[in-house]
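To start, the structure under review is shown below, and the notes come after it.
Letters go in sequence order (proteins before strands), and every chain restarts at 1. The figures that follow rest on heavy atoms only: side chains count, while hydrogens, waters and symmetry mates do not.
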There are 2 protein chains.
Amino acid sequence: MSPSPGRPRRASQELLQEAAFELFQLRGYRRTSVEQIARTAGFSRATFFNFFSSKAELFWVETDALIDALSGFLAAELDREEPLGLRDALLEHAGGMRSAEIPWALQHYRLIEAADDLIASGASRVLGVNRLFADYLRRRDAGEGGEGGRAAIGGEARAAELTALLIVALRSWIDAGVERGRLRDHLERAFRTEAGL
Amino acid sequence: MSPSPGRPRRASQELLQEAAFELFQLRGYRRTSVEQIARTAGFSRATFFNFFSSKAELFWVETDALIDALSGFLAAELDREEPLGLRDALLEHAGGMRSAEIPWALQHYRLIEAADDLIASGASRVLGVNRLFADYLRRRDAGEGGEGGRAAIGGEARAAELTALLIVALRSWIDAGVERGRLRDHLERAFRTEAGL
DNA sequence: GTATTTACTAGACTCCGTCTAATAATATAG
DNA sequence: CTATATTATTAGACGGAGTCTAGTAAATAC
């Protein structure tokens, strides 16, 4: 509560996002300029860049929070004496996700392919999740009197596989519409492919 | 041989690429402007955009040719009475790839993450390959008195899985250095994960 | 009050991608 | 040989993204 010195904030990420999402719905992502977003929210273009490093970053705020939560869950899991397999860890943590928790960006994931900067920033998130998974497997297997080098390639492959399947499950879950229930069913269905063809 | 009317071409994709790759090596992708590329090759910025729709497209020309070849192989495979499974088709076609055939862009794939437009254009290629695989599975299974709807989700998952594993194999193959041999070994090692953990 | 600190803004800059209008170099028709 | 059609290349302007600097506004601290 102790008020800090200096001019108090008027702008916020939330205010800018509100304006932005409305404009995105109305005119599309590409035809909405940063200037328009900022002015609609009642601020200047320069202020926008005080809150987001790019137009695309505004799109991913809530999704990044989800990824951070997953990252935290996996880190905690690694601290247990018997960490779950990555697949089961995903089923336990992400599986419980409810429809209301889907961020605006994922709800409207079809917008992504229409803009290069959204594709780039989205791909960066996917690569980040992949790194997260690869680290988890590496550190989990290291803590199991592991084989070291040989398993490394397998670990990369396993991480990439689960990253891809997570995305497929997410997409199918979102496409299922408002009555979609929890993510778990779709995750299990995607993971079922693993047994190979 | 019949000479067509109009001013003859002086510029070409190859000339522009030569200049570009040299500059990329020298100063990095981001700090090389389209203007510099065009002037180094002896042309104007406007001419550059007559040959490439963007700076990033120049990067992917040879890689796109590889993807087209794979696409052709899969299409031909679907015309046979007993098309291979996707996994075996990849082993047969891509597995035979030799070190000398690696395009400049893939050889230098680490450049990609340094520039947003390369990430975006690279991700578009990955999504394209994924669509290619999903189509293959869909059409192959349709031609086998298929089950229709149920298999669709599994097909998407299987396609995403194999796309991810192909990329892991490619990366490990390229990282293996000049004595890397054929792609097949790395593909097999990546596919071995499928059996599940 | 004045000084300090922080939030916001105006404006300039580079680069990308798009577009239009102009010029240059060739083939062909007469 | 000249005129015309056709195609390649160019100059130049534009809007938008992202970067940067210098300045103004609104609060606290003294």
Side-chain angles (χ1 to χ4, degrees), chain A residues 1-17 19-20 23-24 26-60 111-124, chain B residues 1-17 19-20 23-24 26-61 111-122 124:
Chain A
M1 275 297 135
S2 62
S4 47
R7 179 174 177 172
R9 299 201 115 108
R10 277 202 311 126
S12 68
Q13 289 198 334
E14 289 72 21
L15 284 175
L16 289 164
Q17 278 183 306
L23 289 170
F24 292 165
L26 202 60
R27 314 203 36 202
Y29 178 87
R30 292 191 57 177
R31 286 187 305 176
T32 301
S33 71
V34 171
E35 176 84 27
Q36 286 170 358
I37 296 171
R39 289 296 169 205
T40 301
F43 304 97
S44 75
R45 204 179 95 95
T47 293
F48 180 95
F49 286 106
N50 287 342
F51 286 85
F52 301 105
S53 62
S54 73
K55 187 177 156 190
E57 286 301 307
L58 174 145
F59 193 80
W60 294 107
L111 287 183
I112 296 173
E113 60 182 337
D116 268 13
D117 56 344
L118 287 185
I119 295 178
S121 49
S124 295
Chain B
M1 274 294 140
S2 61
S4 47
R7 180 174 176 170
R9 298 200 116 108
R10 277 202 313 126
S12 69
Q13 289 199 333
E14 288 72 21
L15 285 175
L16 289 164
Q17 277 184 307
L23 291 170
F24 292 166
L26 204 61
R27 313 203 36 198
Y29 179 87
R30 291 191 58 176
R31 287 186 307 174
T32 302
S33 70
V34 171
E35 176 84 28
Q36 286 170 358
I37 296 171
R39 288 298 169 204
T40 301
F43 303 99
S44 75
R45 204 180 95 95
T47 293
F48 180 97
F49 286 105
N50 286 341
F51 286 85
F52 301 106
S53 62
S54 73
K55 187 176 156 190
E57 287 300 308
L58 174 147
F59 192 80
W60 294 107
V61 177
L111 288 183
I112 296 173
E113 61 182 335
D116 269 13
D117 56 343
L118 287 186
I119 296 178
S121 48
S124 296

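Of the two residues near DNA chain D, Tyr29(A) and Gly6(A), the one whose nearest nucleotide lies more 5' is Tyr29(A). For the pair Pro8(B) and Pro5(A), nearest-nucleotide mapping onto DNA chain C gives the more 5' position to Pro5(A).
When DNA chain C is scanned in the 5' to 3' direction for atoms under 4.0 Å from non-hydrogen atoms of chain A, the outermost contacting nucleotides are dT5(C) to dA10(C).
Counting any heavy atom pair closer than 4.0 Å across all strands shown, Phe48(B) reaches no nucleic acid atom. Residue-level contact check: Phe52(A) touches neither bases nor backbone, having no heavy atom under 4.0 Å from any strand. Within the 4.0 angstrom heavy-atom criterion, no nucleotide atom of any strand lies near Asp117(A). At a threshold of 4.0 angstrom between heavy atoms, the contacts of Ser12(B) with the nucleic acid are absent.
The shortest heavy-atom contact between Leu23(B) and Thr40(B) is CD1-OG1, 3.5 Å. The minimum heavy-atom distance between Ala120(A) and Ile119(B), with the atom names listed, is O-CG2, 3.5 Å. The nearest pair of heavy atoms linking Ala11(B) to Thr47(B) is CB-CG2, 3.8 Å. Annotation for Ser121(B) and Trp60(B): closest pair OG-NE1, 2.8 Å, computed over non-hydrogen atoms. Of all heavy-atom pairs spanning Leu15(A) and Ala41(A), the tightest one is O-CB, 3.9 Å.
The side-chain heavy atoms of Asp117(B) and Phe59(B), taken from C-beta on, include no pair separated by under 4.5 Å. With a 4.5 Å cut-off on side-chain heavy atoms, Phe51(A) and Gln17(A) do not count as touching. Within the 4.5 Å cutoff, the side chain of Phe49(B) has heavy atoms near those of the Val34(B) side chain.
Contact annotation: Ser33(A) side-chain N/O to dG16(D) OP1/OP2 distance is not under 4.0 Å.
In terms of the side chain to side chain contact (heavy atoms under 4.5 Å, CB included) criterion, residue partners of Arg27(A) (sequence neighbours excluded) are, by chain and number, Arg31(A), Thr32(A), Gln36(A). In terms of the ring-ring contact (aromatic ring centres under 6.0 Å, His included) criterion, residue partners of Tyr29(B) (sequence neighbours excluded) are, by chain and number, Phe24(B).
Residue Leu118(A) contributes atom CG, which lies 12 Å from atom P of dA17(D) at whole-angstrom precision. Remark: C1' of dA29(D) and CZ of Arg7(A) are 19 Å apart, rounded to the nearest angstrom. As rounded to whole Å, 14 Å separates atom C1' of dC14(D) from atom CZ of Phe49(B). Separating the CZ atom of Phe51(B) from the P atom of dT7(D) is a distance of 15 Å, rounded to the nearest angstrom. Going from atom CZ of Arg30(A) over to atom C1' of dG16(D) covers 11 Å, rounded to whole Å. In this structure, the CZ atom of Arg31(B) is 20 Å from the P atom of dG18(D), given to the nearest Å.
In the region residues 35-45 of chain B, proximity to DNA chain C at under 4.0 angstrom, judged on heavy atoms, holds for Arg45(B).
The salt bridge (charged side-chain N to carboxylate O under 4.0 Å, His left out) pairs that include a residue from residues 34-60 of chain A are Glu35(A)-Arg39(A), Glu57(A)-Arg125(A), where partners are two or more places apart or lie in different chains.
Comparing the local axis fitted to the first five base pairs of the helix from dG1(C)-dC30(D) to dG30(C)-dC1(D) with the one fitted to its last five gives a bend of 20°, rounded to 10°.
Atom CD of Gln13(B) has more than 12 neighbouring heavy atoms from other residues, nucleotides or ligands inside a 6.0 Å radius.
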